[in-house]
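Report on one structure; see the data block that follows.
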Amino acid sequence: MEIDKVYEPQRFEPRWAQWWVDSGLYQVTDNPAGPVYSLVIPPPNVTGSLHMGHMLEHTEIDSTIRWRRMLGESTLWLPGTDHAGIATQMVVERKLAEEGLQRRGLGREAFEKRVWDWKKQYGDTIKTQMVRLGTSCDWSRERFTMDEGLSNAVREVFVLLYEKGLVYRGDYMVNWCPRCHTALSDLEVVYDESDGNLWHIKYPVTGEKHHVVIATTRPETMLGDTAVAIHPEDERYAALHGKTVRLPLMNREIPVVLDELADPEFGTGVVKVTPAHDPNDFEAGKRHDLPKVKVIDETGTMTAEAGAFAGLDRFEARKQVVAALDAEGLLVKVDAYRFGLSKCQRCKTVVEPLISRQWFVKTKPLAEPAIRAVEEGQIQFVPENWTKTYFEWMRNIRDWCISRQLWWGHRIPAWHCKDCAEVTVARQAPERCRACSSTNLEQDPDVLDTWFSSALWPFSTMGWPDETADLKNFYPTSLLITGFDILFFWVARMVMMGIEFMGEVPFRQVYIHGLVRDAEKQKMSKTRGNTIDPLVVTEQYGTDAVRMALLLGAAPGTDIVLTEERMASARAFANKIWNAARFLFLKMEYSGVQPCIPEDETRQALRPSASTLLPALEDRWILSRLNRCAEQVNRSLESYRYHEAAQTLWHFFWHEFCDWYVEIKKLRFFENSGLNSDWRNMLTVFESALRLLHPVMPFITEELWQRLASGGNGHPQSISLSSYPTYLPELTDLPAEREMALLQEIITSARTLRADLKLDPRAELNGVLYARGDVAQLAQAQEAVINSLARVRLQISEGPAPQKAAAGRATPEFNLVIDVPQEHLEAQRQRLEKETQQLEKLVANSRRQLGDESFCQRAPSHVVEGIRAKLSEYESQLEKSREALGNLS
RNA sequence: GGGCGCGUAGCUCAGUUGGUUAGAGCGCCUGCUUCACACGCAGGAGGUCACAGGUUCGAGUCCUGUCGCGCCCACCA
């Protein structure tokens with residue numbers, strides 16, 4: 001069998017599976033029985049997985065598209081209607097840029113046609129599909145944000161909500177992005193701490209000589225002021241009650257109103273009220289029935305209402321307003337001031353609060369059951385501290401502005417009558433206005449927030465509103481895996497919509513993983529330019545290595561730091577697996593052993609008794625360890641402790657299987673080409689380890705497993721279809737583990753002596769191992785192993801160690817004495833002195849504890865006994881060390 | 001302002017309910033071309049677990065405070 005010295009993932013990965021990098025699922029394509037979908041990381045009790053977020057993906061959409069493209073047509077492109085939407089959007093934006101087109105001015109129809117063309121072109125990479133375990137379903141159906149099925153669901157939900165009075169249209173102060181020309185939800189606004197000014201401006205009191213001073217960060221909005229407010233209990237301004245002031249520049253008379261809006265502590269205690277351009281002022285305006293004067297329009301330009309300033313850009317207007325005020329002597333002072341500037345999440349343009357007519361969802365009635373569901377434990381968060389965050393948000397939830405003035409997305413199923421202005425909401429385009437029966441109707445040009453359709457994802461992907469078999473089988477699913485950054489955008493809204501329309505929560509558990517960070521702990525993002533390109537690193541290190549690196553860092557509740565170093569060491573691990581296999585294959589070839597995976601019931605083969613010959617110590621030991629490893633890995637996966645699972649596997653395979661087991665087996669093979677039991681056990685353990693590793697490293701394990709299987713029985717199926725190793729209590733072999741530990745200690749002692757005494761690494765050492773009873777027997781039985789792994793020639797003696805031992809190492813169980821030339825004795829003295837010091841410390845520490853009466857009385861007896869036992873060990877070791885030290889002088 | 005979280009080896013992080021000598025990977029030092037693997041093997045150094053109190057027989061782990069750092073939400077004329 002030909003097998004290279006170094007594992008090259010690029011050669012083997014494409015061969016097996018279209019893969020899915022992080023954690024959800026992947027597809028095995030070469031299976032004769034047809035495509036099979038296996039759940040990789042989520043625990044076995046998961047019946048279906050809603051999974052979109054991915055450690056790399058959700059931080060870097062652009063890369064996602066590239067992942068997909070690389071994966072090819074039959075790739076399972078895991079879910080996310082909305083992310084398909086976002087992906088589509090990005091493709092579209094890029095294409096537009098390439099063709100030098102502006103979205104605006106293209107016209108909706110032409111635009112949509114173009115988008116459709118591109119979607120067809122990119123369809124394979126950005127299609128959205130629902131994934132489930134072990135069932136066949138219609139994979140060919142493409143579910144774009146704008147496709148039929150989803151559109152139906154969206155319209156249905158919108159209409160139902162509307163009929164229940166949960167959707168309404170209203171004039172509202174919205175966050176408006178003058179660049180994107182759309183309203184933004186609160187969540188899409190980001191705050192940026194910025195340096196600004198606080199301008200103090202005089203407003204003359206009508207008919208009097210004095211004036212009030214107001215402070216503002218946005219002087220241009222004063223053109224739209226329709227009142228000034230003072231706090232009702234602010235006695236400084238009691239005289240102003242019922243008065244009016246003259247608005248500078250506009251020469252308009254505006255009232256002084258009493259309102260809590262004014263904070264006596266801040267500034268001068270007088271605040272200007274601009275209902276059309278500030279959310280708080282808007283509310284105050286409603287309280288006092290103030291007119292709304294709109295001085296800034298949707299493009300950020302001053303309107304005709306701004307008088308002399310009409311037509312200016314809002315920032316230019318600010319300068320000119322300030323200059324004009326200054327010229328009139330109304331500018332009192334300008335203070336530097338830092339404040340949070342609200343900006344558009346997408347383009348970072350300063351958001352303009354504007355009044356506009358938008359569609360809203362009333363969230364309170366939806367949020368209440370969603371809160372209860374979590375309170376009652378119908379949904380659990382992992383890690384659970386996210387529950388608190390969830391509650392925090394849900395209990396303070398605000399109505400959700402769902403209309404967007406964008407091109408892509410689902411159009412709102414509402415039609416405006418051009419004759420009577422009535423709005424008709426319907427599933428299909430209505431023929432007539434419901435009020436005046438006019439046929440002169442026009443559909444609302446707005447589209448829905450992309451998260452609106454995302455919120456329906458758990459059921460819309462399964463055919464809702466039809467009562468499909470999928471819905472029956474898979475709703476609710478058991479697990480949602482996602483990142484915390486979309487907890488509110490997506491998760492909370494799925495819960496609300498799920499309960500509202502399905503009457504049940506959409507998933508039972510929500511696993512919230514960390515975000516991928518770079519070495520500087522920065523969130524990866526395109527703007528920072530610190531993205532690790534998945535294509536590049538996968539090419540470089542292999543998918544398996546990238547997966548392993550991600551998982552090793554995936555402790556719940558923490559972010560994932562992904563570094564080149566970590567991926568490099570994961571690649572080394574893959575190479576280690578590869579070379580362990582290489583060793584096996586070469587030896588099998590040499591010995592004429594047929595590679596053979598024990599029949600499907602591999603677990604049965606794990607029984608030592610299955611061998612015709614008595615298993616050797618190392619066999620009993622490794623089978624016991626394998627069993628423990630399986631136990632630990634299963635438990636870790638079940639509790640979402642992926643990093644722990646990865647680490648357990650790593651340690652078992654590398655440091656137990658390779659470092660000890662294989663090394664000992666080398667000796668067996670060297671002696672006699674191996675016995676049947678040697679081969680059988682080794683293959684069993686290796687094969688089981690592959691299966692245990694498979695979810696983490698699907699490709700290399702599949703490749704090796706296939707190679708093992710191909711020499712054996714019939715045509716191989718996929719490793720992913722084989723059973724996952726689980727814990728079998730009867731396989732735990734404590735005596736074997738104890739004996740092996742002892743054997744390891746003997747060998748390590750000899751190696752340490754050699755290194756510490758700087759003895760020739762190539763030379764075989766002579767020495768005597770003094771031990772009694774069982775230990776002596778073990779050493780006797782494993783003499784060959786000891787001699788070979790430690791490169792020594794030891795005699796085993798049951799007698800007492802000689803008083804005049806030259807160099808050695810003592811433990812409670814044995815005393816290892818090595819013949820060393822005179823010139824190495826100084827080194828021996830140094831190590832003995834160090835050892836003695838350490839032991840003295842330990843002895844003193846243990847004695848102090850045991851001397852503490854209250855400790856002995858109150859601590860559980862096993863703890864006290866443990867220390868007592870340790871103490872006597874330390875003491876005897878210390879004694880031996882001192883003796884040896886004495887012998888040297 | 002409200003909420004969540006972090007501070008453990010040079011670096012990146014683990015450390016499940018408090019219990020014997022606090023772990024891993026990378027890096028570092030020493031030695032080794034040992035017939036699977038130098039993406040390797042063997043051995044080793046390195047930590048007063050941010051600081052100060054408290055609870056406890058016993059604290060990296062629980063409580064309080066201080067300092068430093070991060071994130072989320074709300075808001076600021």
Side-chain angles (χ1 to χ4, degrees), chain A residues 3 5-7 186-187 191 198-200 214-218 221 229 261-263 266-274 278-281 337-340 385-386 388-389 391-393 396 484-485 487-488 515 517 519 521 523 541 545 549 552-553 555 557-559 561 563 565-566 568-587 635-636 639 641 643-644 647 650-651 658-659 662-663 666 670 748 751-756 758 761-762 789-791 838 841-842 845-846 849 852-860 862-864 866-871 874:
Chain A
I3 181 161
K5 207 167 170 181
V6 172
Y7 174 60
D186 291 332
L187 291 176
Y191 294 91
L198 197 55
W199 284 273
H200 290 69
I214 59 94
T216 180
T217 54
R218 303 192 53 204
T221 63
L261 175 70
D263 175 5
F266 189 93
T268 59
V270 188
V271 60
K272 62 199 262 320
V273 184
T274 324
D278 182 279
N280 291 317
D281 293 8
Y337 188 63
R338 259 186 101 69
F339 62 104
N385 49 308
W386 285 106
K388 233 178 166 171
T389 313
F391 284 141
E392 195 67 27
W393 190 70
N396 298 303
F484 62 82
D485 51 341
L487 187 64
F488 303 137
L515 260 47
R517 309 260 168 178
K521 288 178 151 189
K523 184 169 163 178
Y541 300 102
L552 280 169
T558 61
D559 284 336
V561 178
T563 59
E565 290 77 35
R566 192 155 261 193
S569 81
R571 178 186 55 186
F573 181 64
N575 195 50
K576 189 75 183 173
I577 299 172
W578 185 255
N579 273 288
R582 184 161 175 259
F583 169 78
L584 252 177
F585 293 148
L586 292 174
K587 283 291 178 193
R635 209 177 27 210
S636 299
S639 51
R641 307 173 63 80
H643 68 298
E644 203 175 78
Q647 214 175 343
W650 183 300
H651 182 260
C658 290
D659 288 352
V662 171
E663 289 304 317
K666 272 184 188 170
F670 181 76
T748 308
R751 286 170 174 171
T752 308
L753 274 176
R754 182 197 297 277
D756 282 353
K758 305 198 188 314
R762 280 163 296 262
L789 293 198
R791 201 182 293 243
Q838 275 175 355
K841 236 189 245 170
L842 289 172
N845 200 31
S846 304
Q849 273 196 66
D852 188 333
E853 251 178 65
S854 55
F855 169 74
C856 295
Q857 279 168 10
R858 301 209 198 183
H862 72 272
V863 173
V864 178
I867 290 179
R868 197 159 283 153
K870 270 296 177 206
L871 175 60
Y874 296 150

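Basis for what follows: all heavy atoms, side chains included, without hydrogens, waters or symmetry-related copies. Throughout, protein chains are lettered first and strands after them, A, B, ... in sequence-line order, and every chain is numbered starting at 1.
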Query raised in the report: How does protein reach along nucleotides 30-35 of chain B, written 5' to 3' as B (base within reach of a heavy atom under 4.0 Å), S (only sugar-phosphate), or - (no contact)?
Result: -SSSB-

Between the protein and nucleotides 22-28 of chain B, which nitrogen or oxygen pairs are less than 3.5 angstrom apart?
residue: B:G25; atom: O2'; partner: A:Ser569; partner atom: OG; Å: 3.3

Please report the shortest heavy-atom distance between [X] and [Y], naming the atom on each side.
{"X": "A:Trp199", "Y": "A:Thr217", "result": "CZ3-O, 3.5 Å"}
{"X": "A:Gly269", "Y": "A:Ala262", "result": "O-CB, 3.7 Å"}
{"X": "A:Lys5", "Y": "A:Asn579", "result": "O-ND2, 3.1 Å"}

Query raised in the report: With distance as the sole test, does A:Arg218 use its side chain to make a donor-acceptor pair with the main-chain N or O of A:Asp278 at under 3.5 Å?
Result: no

Can you name the residues that form a side chain to side chain donor-acceptor pair (under 3.5 Å) with [X], not counting sequence neighbours?
{"X": "A:Asn385", "result": "none"}
{"X": "A:Tyr541", "result": "A:Glu564"}
{"X": "A:Lys666", "result": "A:Glu663"}

Heavy atoms only, 4.0 Å cut-off, all strands: where does [X] land among base, sugar-phosphate and nothing?
{"X": "A:Ala262", "value": "base"}
{"X": "A:Arg571", "value": "base"}
{"X": "A:Thr752", "value": "sugar-phosphate"}

Query raised in the report: Nearest nucleotide by nearest heavy atom, which residue falls closer to the 5' end of RNA chain B, A:Glu644 or A:Val863?
Result: A:Glu644

**Report entry** Along RNA chain B (nearest heavy atom to each residue), the more 5'-positioned of A:Trp393 and A:Asp278
**Finding:** A:Trp393

Report the distance from atom [atom1] of [X] to atom [atom2] of [N], rounded to the nearest whole Å.
{"X": "A:Leu552", "N": "B:A14", "atom1": "CG", "atom2": "P", "value": "12 Å"}
{"X": "A:Asp852", "N": "B:U20", "atom1": "CG", "atom2": "P", "value": "16 Å"}
{"X": "A:Asp659", "N": "B:A42", "atom1": "CG", "atom2": "C1'", "value": "10 Å"}
{"X": "A:Leu789", "N": "B:G43", "atom1": "CG", "atom2": "C1'", "value": "15 Å"}
{"X": "A:His862", "N": "B:G19", "atom1": "NE2", "atom2": "C1'", "value": "7 Å"}
{"X": "A:Trp578", "N": "B:G40", "atom1": "CH2", "atom2": "P", "value": "17 Å"}
{"X": "A:Gln838", "N": "B:A45", "atom1": "CD", "atom2": "C1'", "value": "12 Å"}
{"X": "A:Leu586", "N": "B:A36", "atom1": "CG", "atom2": "C1'", "value": "7 Å"}

Under the salt bridge (charged side-chain N to carboxylate O under 4.0 Å, His left out) rule, collect the residues that match up with [X], sequence neighbours excluded.
{"X": "A:Asp756", "value": "A:Arg831"}
{"X": "A:Lys870", "value": "A:Glu873"}
{"X": "A:Asp659", "value": "none"}

Determine the Euclidean distance between corresponding [atom1] atoms of [M] and [N]; express it in Å to zero decimal places.
{"N": "B:U17", "M": "B:G54", "atom1": "P", "value": "25 Å"}
{"N": "B:C51", "M": "B:A42", "atom1": "P", "value": "36 Å"}
{"N": "B:A74", "M": "B:G53", "atom1": "C1'", "value": "34 Å"}
{"N": "B:G7", "M": "B:C62", "atom1": "P", "value": "11 Å"}
{"N": "B:C11", "M": "B:C63", "atom1": "C1'", "value": "32 Å"}
{"N": "B:U21", "M": "B:U66", "atom1": "C1'", "value": "32 Å"}

Query raised in the report: So what is the 5' to 3' dot-bracket string for RNA chain B, if pairs are Watson-Crick or G-U wobble with both distances under 3.5 Å, crossing pairs use [ ] and | means the partner sits on another strand?
Result: (((((((..((((.....[...)))).(((((.......))))).....(((((..]....))))))))))))....

Would you please confirm or rule out a distance under 4.0 Å between OP1 or OP2 of [N] and any side-chain N or O of [X]?
{"X": "A:Arg641", "N": "B:G15", "value": "yes"}
{"X": "A:Lys5", "N": "B:A38", "value": "yes"}
{"X": "A:Asn396", "N": "B:A74", "value": "no"}
{"X": "A:Lys388", "N": "B:C4", "value": "yes"}

Report task. Sequence neighbours left out, what passes ring-ring contact (aromatic ring centres under 6.0 Å, His included) with A:Trp650? Give chain and number order. Result -> A:Phe573, A:Trp654

**Report entry** Those residues that, when tested against A:Thr268, pass side-chain contact (heavy atoms from CB on, under 4.5 Å) (two or more places apart)
**Finding:** A:His200, A:Val213, A:Tyr237, A:Val270

Report task. Report the residues that fulfil side-chain contact (heavy atoms from CB on, under 4.5 Å) with A:Ala574, sequence neighbours left out, ordered by chain and then residue number. Result -> A:Tyr7, A:Met697, A:Ile700

Report task. Give a yes or no on whether a donor-acceptor pair under 3.5 Å exists between the nucleobase atoms of B:C37, that is its base, and the side chain of A:Lys576. Result -> yes

Query raised in the report: B:U20 base to A:Tyr874 side chain: any donor-acceptor pair below 3.5 Å?
Result: no

